[in-house]
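We use all heavy atoms of the structure for the numbers below, so side chains are in, but hydrogens, waters and symmetry mates are not. Bear in mind the structure is a predicted one, so any value in this text is a computation, not a measurement.
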Amino acid sequence: MLSKRSDIYNSHMLSTRRLLPLLLLSACAPQPLLLTGVALEMNGGDKAPLAAILEYSADRPARPLLTLKHPGEVDLIISEAPLATSGPAHVLGLRPGREYSVSVDFEDEAGVITHGGDFSITTQALPEDFPPIEVTTRRQARMEPGYQFIPVMRWTDRGPDREFGLVLALDNAGEVVWYFKTNKSVNDVKRLPNGDLIYIEGRDGRIVQINKLGERVKHWHTTGIPKDDVPEGSIPVDADSFHHDFEFLPNGNFLALSTEAREFEE
């Protein structure tokens, strides 16, 4: 009887030893993200119509990963959004006149990827008055990654059109993937570390910061030239104008060229 009981006990222990590692593995398996409210749609504004907006909420910080497919083109992978627990995340890089099928995934800090859904979005064609762009030379191996932002000024028989301003972004194939239109000329544009753009607007002393949706974030104006349409909250600068170019300094300030009126005898 003792031998039989011992055999039963040993058999039970062996069974327990076999199950224990499986239970530990199950308890340590990475858990998928808990996602709610995942939605993707094009920007409703007319200032930056090629941008899209991804909304979502997650139970822990995650980075959106988007794969966009259009027949006859290489898949577009967008993964530069920062880790966050919620949107909106601005999606940049869409070409005009396309219908994209989009797969949205999310990656947490541990590298766990959770599928967020599949969507379809359609981008507008470029407007008829858009400047024509022709690619004559493209050396892929010498290109930096990313997009090229270009300020555009429209010229007429009487000179530059001061009521037209355009900033566009080109991908590495020379395709327009983003643009922003405004009702004043644009002279210079730079990209900030957070992804916003900042540019000199008009000729009467204005610098404007916008996000990827074309929404104004900040506005600076010089006090030396009178202006009747300064937006609320604009930051005054004691100078006559902002002229041609500006640079950002390490402390967050910017250095700008200006003008000064002087009188000389004869």
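Summarising the geometry of R138 relative to Q140, their closest heavy-atom pair is NH1-OE1, 2.7 Å, with the distance given to 0.1 Å. Of all the heavy atoms in Q124 and P49, the pair that sits closest is OE1-CB, 4.0 Å. Listed here is the closest heavy atom pair of Q209 and N194: NE2-ND2, 4.4 Å. Taking each heavy atom of L54 and P64 in turn, the nearest pair found is CD2-CB, 3.5 Å. In plain terms, the two heavy atoms of A62 and L33 that are nearest each other are CB-CD1, 3.6 Å. Counting all heavy atoms, side chain and backbone alike, G224 lies closest to P226 at O-CD, 3.9 Å.
Contact check for F180 versus L168: no side-chain heavy atoms found under the 4.5 Å cut-off. Taking the side chain as every heavy atom from C-beta outward, T223 and V237 never approach each other to under 4.5 Å. Within the 4.5 Å cutoff, side-chain heavy atoms of P127 are placed close to those of Y179. You'll find the side chain of R154 stays beyond 4.5 Å of the side chain of L166, heavy atoms only. Between V167 and I150, the closest side-chain pair of non-hydrogen atoms is not below 4.5 Å. Looking at I200 and V186, their side chains never come closer than 4.5 Å, going by heavy atoms from C-beta outward. Looking at F254 and L249, their side chains never come closer than 4.5 Å, going by heavy atoms from C-beta outward. With contacts defined as side-chain heavy-atom distances shorter than 4.5 Å, the pair N187/M153 qualifies.
By the ring-ring contact (aromatic ring centres under 6.0 Å, His included) test, Y147 is found to be paired with no residue, residues two or more places apart in sequence or in another chain being considered. In this structure, D105 has no salt bridge (charged side-chain N to carboxylate O under 4.0 Å, His left out) partners at least two apart in sequence or on a different chain.
Both L66 and M42 sit in one connected hydrophobic cluster of ILVMFWY residues. Membership requires side-chain heavy atoms under 4.5 Å apart, directly or through other members. In the hydrophobic clustering of ILVMFWY residues, with side-chain heavy atoms under 4.5 Å counting as a link, L76 and F106 come out together. Both I78 and V102 are members of a single hydrophobic cluster when ILVMFWY side chains are connected at heavy-atom separations under 4.5 Å. With hydrophobic clusters built from ILVMFWY side chains whose heavy atoms lie under 4.5 angstrom apart, I121 shares a cluster with V104. Taking hydrophobic clusters as Ile, Leu, Val, Met, Phe, Trp and Tyr residues chained together by side-chain heavy-atom distances below 4.5 Å, F246 shares a cluster with L192.
The number of heavy atoms from other shown groups lying within 6.0 Å of NE2 (H244) does not exceed 12. Within 6.0 Å of CG in D75 there are more than 12 heavy atoms belonging to other residues, nucleotides or ligands. Within a 6.0 Å radius of CD in E144, other residues, nucleotides and ligands contribute 12 heavy atoms or fewer. The number of heavy atoms from other shown groups lying within 6.0 Å of CG (N251) is above 12.
The CD1 atom of I225 lies 8.0 Å from the OG atom of S258; values are rounded to the nearest 0.5 Å. One distance of note links NE2 of H219 with CZ of R206; it measures 5.0 Å at 0.5 Å rounding. Here R142 contributes atom CZ and T137 contributes atom OG1; the two are 11.0 Å apart, rounded to the nearest 0.5 Å. Atom OG1 of residue T122 and atom CD of residue E99 lie 4.0 Å apart, to the nearest 0.5 angstrom. Of the inter-residue distances, the one linking L40 atom CG with S103 atom OG reads 11.0 Å to the nearest 0.5 angstrom. One finds the CG atom of L68 at 11.5 Å from the CZ atom of F119 (value rounded to the nearest 0.5 Å).
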>> Pair D108, I113 - check side chain to side chain contact (heavy atoms under 4.5 Å, CB included), show working.
In response: CA-CA 7 Å; D108 69 6; I113 296 178; over 6 Å; no
> Can D245 and K190 be said to form a salt bridge (charged side-chain N to carboxylate O under 4.0 Å, His left out), step by step?
Replying inline: CA-CA 10 Å; D245 196 9; K190 291 178 170 61; 2.9 Å; yes
>> Under the criterion side chain to side chain contact (heavy atoms under 4.5 Å, CB included), I'd like the reasoning laid out for V177 against L170: C-alpha separation, chi angles, the key distance, then a yes or no.
In response: CA-CA 6 Å; V177 292; L170 302 178; over 6 Å; no
> Taking it one step at a time, do Y100 and L94 satisfy side chain to side chain contact (heavy atoms under 4.5 Å, CB included)?
Replying inline: CA-CA 9 Å; Y100 288 101; L94 311 180; 4.2 Å; yes
>> As a quick check of understanding, evaluate ring pair (Phe, Tyr, Trp, His ring centres under 6.0 Å) for F242 and W220, giving each step before the final call.
In response: CA-CA 10 Å; F242 295 128; W220 293 263; 8.3 Å; no
>> side-chain hydrogen bond (donor to acceptor under 3.5 Å, both in side chains), that's the test. Do S234 and H221 meet it? Break it down for me.
In response: CA-CA 7 Å; S234 180; H221 69 279; 2.6 Å; yes
>> Apply side chain to side chain contact (heavy atoms under 4.5 Å, CB included) to residues Y199 and D188 and explain how you reach the verdict.
In response: CA-CA 5 Å; Y199 63 92; D188 189 28; over 6 Å; no
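Here the side chain of R63 pairs a donor or acceptor atom with the backbone of A81 at under 3.5 angstrom. Side chain of S241 to backbone of H243: no donor-acceptor contact under 3.5 angstrom is found. Checking side-chain atoms of T222 against main-chain N and O of D240 turns up a donor-acceptor pair under 3.5 Å. Of the possible polar contacts, one joining the R98 side chain to the P96 backbone as a donor-acceptor pair under 3.5 Å is found. With hydrogens and angles ignored, the 3.5 Å screen pairs no side-chain donor or acceptor of H90 with any backbone N or O of I53.
E163 and N183 share no donor-acceptor pair across their side chains, judged by distance under 3.5 Å alone.
Here E73 pairs with R95 in a salt bridge; the nearest charged N to carboxylate O distance falls below 4.0 Å. The pair R162-E201 does not count as a salt bridge, with every side-chain nitrogen at least 4.0 angstrom from each carboxylate oxygen. Using a cut-off of 4.0 Å between Lys/Arg side-chain N and Asp/Glu carboxylate O, K227 and D229 are scored as not salt-bridged. Taking 4.0 Å as the cut-off between side-chain N and carboxylate O, K181 and D129 count as a salt-bridged pair.
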